[in-house]
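Basis for what follows: all heavy atoms, side chains included, without hydrogens, waters or symmetry-related copies. The first residue in the sequence is number 1, and the count goes up from there. Computed from a predicted model, the values in this text were never measured in an experiment. Start at 1 and go down the list; that is how both ligands and their atoms are numbered.
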Amino acid sequence: MKKVLLLTSLAFLLVWCPAVAQQGRVEYAIVIHGGAGNILKESMPAPIEKMYRDSLEKALRIGDSILRNGGSSLDAVEACIRMLEDCPLFNAGKGAVFNAEGKNELDASIMNGNNHMAGSVAGITTVRHPISAARAVMEKSPHVMLTGKGAEQFAADQSLELVDPSWFFTQQRWDDYLKVRAHADSIAAAGEHGTVGCVALDKYGNLAAGTSTGGMLMKKYGRVGDSPIIGAGTYADNESCAVSATGHGEYFIRNVVAYDISALMKYKGMTLQEAASFVINRKLKEQGGMGGVICLDRNGNLAMPFNTAGMFRGWLKSEGGNLEQGVEMFR
Ligand code: ASP
């Protein structure tokens, strides 16, 4: 009798335990942002809100199909950002803001949390997808960062798509530029947003992060922000988290924001939520550094703190076979 009971309990445990474990397990996850700033429900017409929502959802669907089919987090990050770079709503690729000279200068970076490899480009004007140029630097060169003409030459050597600088022009951004130029020439006064970023966790437990931007409206010719700086705007480490930032880049560089969040988890044992919130809502806020981050850890926990009025953001998580997703922009 005892033997029967024991066997029954064993059989029960064998069937039940994997089912329970499966329930709480995140198979893959992806988080995206489209910039933080003065994004308010009351000043956004409903059709514009819908356009943003649709674009963010489209990017999430692209990431989902890659990750669901066993693609890597790096592939998902690159593909999502490529789509957002082509979307004129965001300040990256087509739709980038103009610098003080009335030109578009683009920055991007990507990092693989599995092996700490990273690549970035800054100040480029002729590469349609800066994020792919950043990935090429990571995978096909011995370097981490290439800038300006050298980065463009490298992208051409890698057969990446090149465009005339006018490809990045949008009337909306040009009007913003003319307005700001007429009233003030400070980047702080401009408060532009729309940088894009993505962090992902794939089925193999690997994290990746990427960020792409036109920088800040009215920035000086040659200015480089945080987005292409590994550790400031982008960071990924399988042992802690993946981070992509958006906001006033000078503050993010000085505070090494993305790495700081990772280090607080790794060396101080903070949770993702605690580390991200501490850096954005305490450290940065006290200094007047405005912006936000999207973060993901290897267990699929996510954090998206921002200290601005709003941040375009979306997430998708496959947990125990269920898909959970959302898109938000306001507080
Ligand atoms: N962080 C970007 C930069 O400073 C701008 C942004 O995220 O809106 O270049």
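Distances between N or O atoms of Gly247 and those of ligand 1 include at least one value under 3.5 Å. Every N/O-N/O distance between Glu250 and ligand 1 stays at or above 3.5 Å. Polar contact check, Thr195 against ligand 1: a nitrogen or oxygen pair lies under 3.5 Å apart.
Between Asp86 and Arg128 a salt bridge is recorded (basic side-chain N to carboxylate O distance below 4.0 Å). Between Glu319 and Arg25 there is no salt bridge, since none of the side-chain N atoms of the basic residue sits less than 4.0 Å from a carboxylate O of the acidic one. Remark: Arg254 does not engage Glu250 in a salt bridge, criterion side-chain N to carboxylate O under 4.0 Å.
Here Lys41 pairs with Glu49 under the salt bridge (Lys or Arg N to Asp or Glu O under 4.0 Å) rule; sequence neighbours left out.
Closest to atom 7 (O) of ligand 1 by heavy atom, among Thr246, Val257, Asp107, is Thr246.
Residue Arg223 places a heavy atom under 4.0 Å from ligand 1.
With 3.5 Å as the limit, one finds no donor-acceptor pair spanning the side chains of Glu105 and Thr125. A side-chain donor-acceptor contact under 3.5 Å links Tyr28 and Asp64.
Here is the list of ligand 1 atoms found below 4.0 Å of a heavy atom in Asp226: 1 (N), 2 (C), 3 (C), 4 (O). Set against the non-hydrogen atoms of Gly215, the atoms of ligand 1 under 4.0 Å away are 5 (C), 9 (O). Listed by number with element, the atoms of ligand 1 under 4.0 angstrom from any heavy atom of Ser227 are 1 (N), 2 (C). For ligand 1, the atoms sitting less than 4.0 Å from at least one non-hydrogen atom of Gly249 are 4 (O), numbered in the order shown with element in parentheses.
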Would you mind writing out the side-chain donor-acceptor pairs for residues 205-218 within the sub-3.5 Å range, not counting sequence neighbours?
unit_1	atom_1	unit_2	atom_2	d
Asn206	OD1	Asn238	ND2	2.7
Thr211	OG1	Gly233	O	3.3
Thr211	OG1	Thr234	OG1	2.6
Thr211	OG1	Ser244	OG	2.8
Ser212	OG	Glu85	OE2	2.6
Thr213	OG1	Thr195	OG1	2.6
Thr213	OG1	Gly215	N	2.8

